K.L.:
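For reference, the structure I am asking about is given below.
Just so we're clear, the structure is a prediction, and the values are computed from it rather than from any experiment. For ligands, and for the atoms within them, numbers begin at 1 and follow the listed sequence.
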Amino acid sequence: MRIVDLRSDTVTLPPPAMREAILRAPLGDDVYGEDPTVRALEELAAEITGKEAALLVTSGTMGNLVSILAHCGRGDEVILGDRSHTFLYEVGGIAALGGIHPHPVPNEPDGTIPLQRIEAAIRPEDIHFPRTRLICLENTHNRCWGAPLTPGYTAEVVSLARRHGLAVHLDGARIFNAAVSLGVEVRELVGGVDSVTFCLSKGLAAPVGSVICGERGFIEEARRVRKMVGGGMRQAGIIAACGIVALRTMVERLAEDHENAAALARGIADVDGLATEPERVRTNIVYFQLVRGDPGEFHRRARAGGVLFHRTGPRSFRLVTHYGIARPDVDYALSVLADAARHSV
Ligand SMILES: *Cc1c(COP(=O)(O)O)cnc(C)c1O
């Protein structure tokens, strides 16, 4: 049966060039700093983000955890969006493992947190209060339709943070999608932030890995924390080799994923019984709703037709386009969704 897997861009399989790069990669023990391929990836990532140094970690979740642990001590507070991945989907790791207190503040539909809301959440010095240390942003914003945050907005948050002596961490799991969508360089999007994490294993199609970038001293601390949480890896050049191919060859093509997501949204808007807002789709994520009928039945029928995606609410669903999805897959998915909607009433 034909499968069109729109659950996530994490389902991408490595292209042949990555498999070949693994065979050629010079390797060493990276805990001793001796894996040349890991070093090459870290240098490339630092260059692309305009930061001094970088650190390979196993996942985006580990990247955010290690970054936040490196910024904060026990009992410190982090301001972050109430729809952020770190708050919703990272197993409460910063609290469980770091004793760090999350202070969620409502996100706007465009993924931003209004500056006044951030400022109001910053704790004044008071014996009753935890100390605010860090502000976290997310770009693109997963739960906010993959919305890209602009360099201007990010710079404003950074300058607010500076005024209050706080650091800024950017969860840039899909920062390359943001850069391609906005037509700007990644370094412009991460300009003033103290740390940024991005994923190699989503739209960039590498099998494993994320990278943290920041100042040299911060990355040294992050390297210690990574070891503490068991993330020190040995011949990780196997992973890094794919990451280098990802950064060199897989960024430009993200535009194709964005076009496919836009086509999905336009098609869904035309289906009787489904609703979405095509104008909100700026990158590779589409949310839509089943307006009437049984959502469980709709989801089952779509799956039976080979179209896979996540349910994200009582009547809402999410589609993510990626390297494994071409335009004919979009057309096929739309016909299956239309059929499922018609038969779920
Ligand atoms: C996927 C994702 C992560 C976590 O990445 P994993 O590699 O799955 O742990 C973090 N933040 C955002 C915004 C994500 O979409």
K.L.:
Do E297 and H343 have side-chain atoms, one donor and one acceptor, less than 3.5 Å apart?
P.N.:
no
K.L.:
Should D257 and L254 count as side-chain neighbours, where that means a heavy-atom distance under 4.5 Å?
P.N.:
yes
K.L.:
Strictly distance-based, threshold 3.5 Å: is any side-chain N or O of T132 a donor or acceptor partner for the main-chain N or O of R123?
P.N.:
yes
K.L.:
Might you confirm whether atom CZ of R315 has over 12 heavy atoms from other residues, nucleotides or ligands at distances under 6.0 Å?
P.N.:
yes
K.L.:
At what distance, to the nearest 0.5 angstrom, does CD1 of I239 lie from CD1 of I22?
P.N.:
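Interatomic distance, I239 CD1 to I22 CD1, rounded to 0.5 Å: 9.0 Å.
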K.L.:
Counting only heavy atoms and a distance below 4.0 Å, can you name the residues contacting ligand 1?
P.N.:
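The 4.0 Å shell around ligand 1 contains S59, G60, T61, N64, H85, E90, E138, N142, D171, A173, R174, C199, K202.
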K.L.:
Taking G237's backbone N and O only, do any of them form a donor-acceptor pair with D35's side chain (distance below 3.5 Å, no angle check)?
P.N.:
yes
